[in-house]
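Here is the structure we will look at.
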Amino acid sequence: MSYVAYGRIQNRVESHRQVEYRLLAQVTGALIAARDTPGDKRKLFDAVLWNQKVWDAFLHDLSGEGNGLPIELRKRLIAICLSVRRETAAIIDGKGDVEVLITVNRNIMDGLR
């Protein structure tokens with residue numbers, strides 16, 4: 001079975017909220033593993049950059065005309081996307097805290113339940 005076919009089947013079974021929740025759960029697990037291995041910079045950078053890609057995808061979706069969320073909610077979520085981007089840059093510069101990203105992801109996951 002091709003990946004494309006699997007993706008189509010998966011999208012029929014899971015709602016967008018479920019997919020977003022699952023993705024955030026996976027990337028948050030990677031952030032936690034990186035936090036719990038403080039000497040492994042590669043693991044940290046891989047996790048925070050993966051997290052950034054997830055949030056960049058959210059930003060792209062939130063910025064599109066076809067997004068059905070109320071405008072005020074979209075604005076707040078876009079602000080979170082930009083905050084995640086700033087914290088990611090700070091972490092890479094050695095000045096940020098991965099716990100901030102973990103907390104943001106967990107809060108959004110709570111909202112998706």
Side-chain angles (χ1 to χ4, degrees):
M1 179 182 269
S2 75
Y3 290 115
V4 174
Y6 175 76
R8 274 189 249 130
I9 291 168
Q10 188 174 4
N11 287 336
R12 288 185 201 143
V13 175
E14 290 184 308
S15 71
H16 292 291
R17 289 172 74 101
Q18 290 169 322
V19 171
E20 290 166 354
Y21 182 93
R22 183 174 43 79
L23 181 57
L24 281 171
Q26 290 171 346
V27 74
T28 303
L31 291 169
I32 291 168
R35 177 200 64 197
D36 293 345
T37 317
D40 192 340
K41 292 290 186 193
R42 181 178 179 118
K43 184 181 263 189
L44 175 65
F45 289 173
D46 285 348
V48 298
L49 292 174
W50 178 23
N51 189 68
Q52 184 59 57
K53 286 180 184 179
V54 169
W55 280 95
D56 283 347
F58 291 161
L59 179 61
H60 179 75
D61 182 59
L62 290 163
S63 301
E65 289 183 26
N67 188 292
L69 293 176
I71 190 70
E72 287 306 314
L73 177 57
R74 286 170 59 189
K75 286 179 182 179
R76 283 184 258 148
L77 289 169
I78 287 170
I80 293 170
C81 292
L82 298 175
S83 176
V84 166
R85 185 176 284 171
R86 285 188 300 274
E87 190 63 28
T88 298
I91 291 167
I92 290 171
D93 287 342
K95 300 173 185 169
D97 186 357
V98 71
E99 196 64 41
V100 171
L101 299 179
I102 293 168
T103 299
V104 168
N105 287 3
R106 285 180 170 164
N107 288 338
I108 296 299
M109 289 167 63
D110 286 347
L112 289 170
R113 285 191 186 155

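In this text, all values refer to a predicted model and were calculated from it rather than measured experimentally. Side-chain atoms are counted along with the backbone in the values below, which use heavy atoms only and exclude waters and symmetry mates.
- Every residue was checked against the side-chain contact (heavy atoms from CB on, under 4.5 Å) condition with Ala57, not counting sequence neighbours, and none meets it.
- Interatomic distance, Leu59 CG to Gln52 CD, rounded to the nearest 0.5 Å: 9.0 Å.
- A single hydrophobic cluster is not seen to contain both Leu112 and Val19; linkage of ILVMFWY side chains at heavy-atom distances under 4.5 Å, directly or through other members, places them apart.
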Derivation and outcome, side-chain contact (heavy atoms from CB on, under 4.5 Å), residues Val54 and Val84: CA-CA 10 Å; Val54 169; Val84 166; over 6 Å; no
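- Listed by first and then second residue, the side chain to side chain donor-acceptor pair (under 3.5 Å) pairs involving residues 104-113 are Tyr21-Arg113, Thr28-Asn105, Asn51-Asn105, Trp55-Asn105 (not counting sequence neighbours).
- Take Gln18 and apply the side-chain contact (heavy atoms from CB on, under 4.5 Å) test, not counting sequence neighbours, and it matches Glu14, Ser15.
- In terms of heavy-atom proximity, Ala47 sits nearest to Ala30 at CB-O, 3.6 Å.
- For the pair Arg74 (side chain) and Gly64 (backbone), a donor-acceptor distance under 3.5 Å is present.
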Which side-chain N or O atoms in residues 90-104 pair as donor and acceptor under 3.5 Å with protein atoms at least two apart or in another chain?
residue : atom : partner : partner atom : Å
Asp97   : OD1  : Glu99   : N            : 3.0
Glu99   : OE1  : Arg35   : NH1          : 2.9
Thr103  : OG1  : Glu99   : O            : 2.9

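- For residues 86-113, no residue pair satisfies the ring pair (Phe, Tyr, Trp, His ring centres under 6.0 Å) rule, not counting sequence neighbours.
- Annotation: side chain to side chain donor-acceptor pair (under 3.5 Å) contacts of Glu87 (sequence neighbours excluded): none.
- In this structure Arg17 satisfies the salt bridge (Lys or Arg N to Asp or Glu O under 4.0 Å) test with no other residue, sequence neighbours excluded.
- Every salt bridge (Lys or Arg N to Asp or Glu O under 4.0 Å) that Asp46 has, sequence neighbours left out, goes to Arg42.
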For residues 65-72, which side-chain N or O atoms pair as donor and acceptor with protein atoms under 3.5 Å away, sequence neighbours left out?
residue : atom : partner : partner atom : Å
Asn67   : OD1  : Leu69   : N            : 2.8
Asn67   : ND2  : Asp61   : O            : 3.2
Asn67   : ND2  : Asp61   : OD2          : 3.1

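- Taking the side-chain contact (heavy atoms from CB on, under 4.5 Å) definition, one finds that Ser83 meets it with Arg86, sequence neighbours left out.
- Here the CG atom belonging to Leu23 is positioned 5.5 Å from the CZ atom belonging to Phe58, to the nearest 0.5 angstrom.
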